[in-house]
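Reading through the structure tokens given below for one structure.
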2 protein chains.
Amino acid sequence: MAERPVLSKWEMDVARVVWEIGPASVREIHEHLSKQRQIDFTTVQTYLRRMESKGYLNSSLKGRIRIYSSRTRPGTVIRENVNELVDRLFGGEYMPLVRHLIEDRGVDREKIAELRELIERLETEQQQKGTADE
Amino acid sequence: MAERPVLSKWEMDVARVVWEIGPASVREIHEHLSKQRQIDFTTVQTYLRRMESKGYLNSSLKGRIRIYSSRTRPGTVIRENVNELVDRLFGGEYMPLVRHLIEDRGVDREKIAELRELIERLETEQQQKGTADE
DNA sequence: AGCTTACACGTACACGCGTACGTCATGCAA
DNA sequence: TTGCATGACGTACGCGTGTACGTGTAAGCT
């Protein structure tokens, strides 16, 4: 578990783009981000540089163009961030967050079905582990 | 929905204490926090000052002691933070986060029961709304 | 060959945050 | 009544972050 400095708010957006489009030049990443918000080319460049030095990205020169690629999988970064929030806001317990989410946001039929299916699956997995114990 | 500057990482911890113990002096809050981590009295004082100017706290002098109390309910702040994270990491969709939480952390029997109960309840609520539609 | 464009890279700068010191006033003890 | 303790409040400082400019250089166009 690499001990990385955290990604800042906006760096995270850059990371999301890199995950989405894969290894890419600054320009490509910038173009992608520009669709979502006004942001300067060199600002993106700075983000990428910093993210590389933080260990989140790799880069190499292809000709005179620098290509950045991700060193971290989305799942890892998401987990780190979610854990952080769960610790901070819910004292490390994640069920209250689950509860908050579905109570606060509300669920339609579709989501209920999804949840139902999910716990169905988890229960059978659980049972398999369970039979070993008893 | 007051447009407040966000609470920083550590300010959040202070907020949690204020929510927990209610209106309190700097010293009381500092003592509470000290149990969790080494932190200077005046640092807490600075946090409280800044949090008041951000609109999260009220304060008044009781004699020569300043008493801080919360202007915001935990639910509100939690919601803001969770929304922020859901936007940033999951593009605004909260179900992927629910999924992430229970898949990543795993659930024991107890939690499955809790979930089951929760969606049971939601379903009946849903149904009541549903009958109006059809 | 000279000019323009595109890009890398160093540098900058203001603001927020985490942390704390120093000063001044006030209340209590001797 | 003269200290000492306690607390408020102003101030500071370094680091991270959001943002971008300026300079140098290489590639392509004329």
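Lettering follows sequence order; numbering is per chain, from 1. All values below come from the heavy atoms of this structure, side chains included, with hydrogens, waters and symmetry mates left out.
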inquiry  = Is it the case that atom CZ in B:Arg37 sees more than 12 heavy atoms from other parts of the structure closer than 6.0 Å?
reply    = yes
ask   = Could you give the distance from OG1 (A:Thr76) to CG (A:Asn81), rounded to the nearest 0.5 Å?
value = 11.0 Å
message = Expected output is a numbered-order residue list: members of residues 21-35 of chain A with a heavy atom under 4.0 Å from any atom of DNA chain C. What is it?
response = A:Val26, A:Arg27
inquiry  = With clusters defined by side-chain heavy atoms of hydrophobic residues (ILVMFWY) lying less than 4.5 Å apart, directly or transitively, does B:Val14 cluster with B:Val6?
reply    = no
message = Between B:His100 (side chain only) and A:Gly75 (backbone N and O only), is there a donor and an acceptor less than 3.5 Å apart?
response = no
ask   = With sequence neighbours left out, which residue pairs that include part of residues 91-108 of chain B fulfil the salt bridge (Lys or Arg N to Asp or Glu O under 4.0 Å) condition?
value = A:Arg79-B:Asp104, A:Glu114-B:Arg99, A:Arg121-B:Glu103, B:Arg99-B:Glu103, B:Asp108-B:Lys111
ask   = Under the criterion salt bridge (charged side-chain N to carboxylate O under 4.0 Å, His left out), which of B:Glu52, B:Glu80, B:Glu11 is the partner of B:Arg4?
value = B:Glu80
message = Quick one: does any side-chain atom of A:His30 pair with a main-chain N or O of A:Thr43 as donor and acceptor, under 3.5 Å?
response = no
task = May I ask you to list the residues of residues 56-69 of chain A, by number, that have any heavy atom positioned under 4.0 Å from an atom of DNA chain D?
result = A:Arg64
task = I would like to know whether B:Glu84 and A:Lys9 meet side chain to side chain contact (heavy atoms under 4.5 Å, CB included); could you show each step before the answer?
result = CA-CA 10 Å; B:Glu84 160 92 14; A:Lys9 253 166 79 91; 3.5 Å; yes
message = Taking any atom closer than 4.0 angstrom to a non-hydrogen atom of chain B, what span of DNA chain C does the protein reach, first nucleotide to last?
response = C:dC17 to C:dG27
key: B:Arg116 side chain near A:Glu120 side chain, heavy-atom distance below 4.5 Å   = yes
request  = Examine A:Val107 and B:Phe90 and state if one hydrophobic cluster contains both, with Ile, Leu, Val, Met, Phe, Trp and Tyr joined whenever side-chain heavy atoms are less than 4.5 Å apart.
outcome  = yes
key: Axis bend over the full length of the helix from C:dA1-D:dT30 to C:dA30-D:dT1, computed from five pairs that close each end, to 10 degrees   = 20°
query = If you draw the axis of the six-membered ring of B:Trp10, does the NZ or CZ of A:Arg88 fall within 45° of it and under 6.0 Å from the ring centre?
reply = yes
task = Indicate, with yes or no, if A:Ile39 and A:Leu7 share a hydrophobic cluster defined by side-chain heavy-atom contacts under 4.5 Å among Ile, Leu, Val, Met, Phe, Trp and Tyr.
result = yes
Side-chain touch A:Arg71/A:Leu57, heavy atoms, less than 4.5 angstrom = no
Joint hydrophobic cluster, A:Leu118 plus A:Tyr94, side-chain heavy atoms closer than 4.5 Å = yes
Restricting to nitrogen or oxygen on both sides, can you table the protein-nucleotides 15-22 of chain D pairs closer than 3.5 Å?
| unit_1 | atom_1 | unit_2 | atom_2 | d |
| --- | --- | --- | --- | --- |
| D:dT17 | OP1 | A:Lys54 | NZ | 3.4 |
| D:dT17 | OP2 | A:Lys54 | NZ | 3.0 |
| D:dG18 | OP1 | A:Ser8 | OG | 3.3 |
| D:dG18 | OP2 | A:Ser8 | OG | 2.5 |
| D:dG18 | N7 | A:Arg50 | NH1 | 2.8 |
| D:dG18 | O6 | A:Arg50 | NH2 | 3.1 |
| D:dT19 | OP2 | A:Tyr47 | OH | 3.1 |
| D:dT19 | O4 | A:Arg50 | NH2 | 3.3 |
| D:dA20 | OP2 | A:Asp40 | N | 3.4 |
| D:dA20 | OP2 | A:Thr43 | OG1 | 3.4 |
| D:dA20 | N6 | A:Thr46 | OG1 | 2.6 |

request  = Determine whether more than 12 heavy atoms belonging to other residues, nucleotides or ligands lie under 6.0 Å from atom CD of B:Gln36.
outcome  = yes
